[in-house]
Number of protein chains: 2
Amino acid sequence: MKKSVDRLSLIKSMSQQCIAVRIRLLNRMITNIYDSALSPFGVKLNQISILVFIYLAGEVGYDALCRRLKMEKSTASRNIERMKKKGWLKIATVKAERKKALKITPAGEELLGKVQEVWEDAQEKALSLLGEEGTDVLCKIANGIWKKDKAR
Amino acid sequence: MKKSVDRLSLIKSMSQQCIAVRIRLLNRMITNIYDSALSPFGVKLNQISILVFIYLAGEVGYDALCRRLKMEKSTASRNIERMKKKGWLKIATVKAERKKALKITPAGEELLGKVQEVWEDAQEKALSLLGEEGTDVLCKIANGIWKKDKAR
DNA sequence: CTGTTATAGTTGCATATACAACTAAGCTCT
DNA sequence: AGAGCTTAGTTGTATATGCAACTATAACAG
């Protein structure tokens with residue numbers, strides 16, 4: 001009897017306290033806010049974040065992109081492929097087939113310009129969903145992870 | 001000149017403050033913690049969360065599941081299909097073809113029993129990644145969203 | 001210089017997610 | 001009862017994600 005009671009209460013905490021379930025929920029909701037705001041432009045937040053990174057970095061290697069954005073190389077590979085097709089990115093390096101360096105195109109910069117406004121709207125909606133405190137804490141945690149990574 | 005400066009600083013804030021990028025990062029890291037902990041059992045957190053919900057609810061309709069877990073019906077549909085195939089779930093209702101009620105199977109309960117330990121490990125790792133405060137805030141936000149939904 | 005090793009990037013496979021179009025089954029109104 | 005409406009669930013398409021296997025190329029060791 002004891003054992004089944006324990007099991008039940010543990011399963012209840014899996015339901016009531018699971019961190020992953022909660023962050024996944026928020027992830028879905030927030031990703032949605034941004035992706036639907038961006039949908040008129042035929043792009044999603046993920047690709048915008050890649051574009052922003054490349055815009056600021058000037059010319060980045062593949063590996064740097066994956067490390068900084070903490071994106072799996074296969075995800076990056078496929079995204080870059082799609083973005084090249086849409087004309088937002090190009091490969092800057094000619095010499096080496098390997099070690100591709102990525103660069104934003106004029107069309108990519110234009111896209112960034114166009115989405116700024118909807119990004120701001122989305123950011124505001126996300127802020128009101130998470131609240132000031134929640135947003136603050138979240139950003140601190142994420143920034144901490146990035147900083148730690150850079151130091152490495 | 002002014003305009004391009006504004007653009008640059010806005011793009012910088014897209015890089016440095018975007019909530020979606022941050023929550024997506026944490027989502028990937030945390031999902032990873034749980035999924036790799038669960039991988040010996042051939043299941044991922046998402047399906048476990050469905051199973052837990054159905055276990056606690058006894059017998060649930062499809063719609064209730066989607067509403068409570070805030071899961072898109074197509075995602076739910078395909079997950080349930082896979083879980084039926086693995087024998088963890090079954091459809092309880094016979095009468096109506098529509099309005100399927102879901103029920104956990106003995107194999108499903110057994111699985112829940114087996115994964116409890118690794119779930120606890122993963123939960124602890126996630127806690128130390130987010131910190132006490134972060135976890136607290138996160139849970140409060142998510143629970144608030146659920147409560148609001150229930151009241152509806 | 002050549003064979004081995006390390007590394008960059010691609011591709012296959014599986015799950016998760018969302019939206020839209022579709023199907024089917026129950027419900028309602030006349 | 002039959003026509004149209006509503007709702008449940010499925011399926012198609014696209015992106016995101018992760019792991020593992022593969023390919024091609026660069027670097028290195030002898």
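Numbers restart at 1 for each chain; the letters A, B, ... are given by sequence-line order, proteins then strands.
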Subject >> Worked check of side chain to side chain contact (heavy atoms under 4.5 Å, CB included) between B/I48 and B/F41 >> reply: CA-CA 11 Å; B/I48 291 295; B/F41 303 98; over 6 Å; no
Original post:
OP1 or OP2 of C/dT7 sitting under 4.0 Å from any side-chain N/O of A/Y62?
Top reply: no
**OP:** Rounded off to whole Å, could you give me the CG-to-C1' distance for the A/L102 and C/dA8 pair?
**Re:** 12 Å
**OP:** Apply side chain to side chain donor-acceptor pair (under 3.5 Å) to B/E72 and list each qualifying residue two or more places apart in sequence or on a separate chain.
**Re:** B/S74
Original post:
What is the distance from CG of A/D63 to C1' of C/dA6, rounded to the nearest Å?
Top reply: 14 Å
Subject >> Nearest-angstrom distance from the residue atom CD1 of A/I91 to P of C/dA8 >> reply: 15 Å
**OP:** Determine yes or no for a side-chain-to-main-chain donor-acceptor pair under 3.5 angstrom, with B/K86 supplying the side chain and B/G42 the backbone.
**Re:** yes
**OP:** State whether the side chain of B/Q123 and the backbone N or O of B/Y34 hold a donor-acceptor pair below 3.5 Å, judged by distance alone.
**Re:** no
**OP:** Determine, stepwise, if the pair B/R28 / A/N27 fulfils side chain to side chain donor-acceptor pair (under 3.5 Å).
**Re:** CA-CA 9 Å; B/R28 286 199 301 273; A/N27 179 57; over 6 Å; no
**OP:** Give the rounded distance in Å between these two atoms: CD1 of B/I23 and C1' of D/dA16.
**Re:** 16 Å
Original post:
Base, backbone or nothing for each nucleotide of nucleotides 15-23 of chain C, written B, S, -, heavy atoms under 4.0 angstrom, 5' to 3'?
Top reply: SSBBB----
Original post:
With no hydrogens and no angle check, is any side-chain donor or acceptor of B/R22 less than 3.5 Å from a backbone partner on B/Q16?
Top reply: yes
Subject >> Length of the line joining B/L38:CG and D/dC19:P, which is rounded to integer Å >> reply: 13 Å
**OP:** In whole angstrom, give the distance that lies between atom CD of B/E81 and atom P of D/dG9.
**Re:** 13 Å
Original post:
Roughly how many Å is it from CD1 in B/I80 to C1' in D/dT11, rounded to a whole number?
Top reply: 15 Å
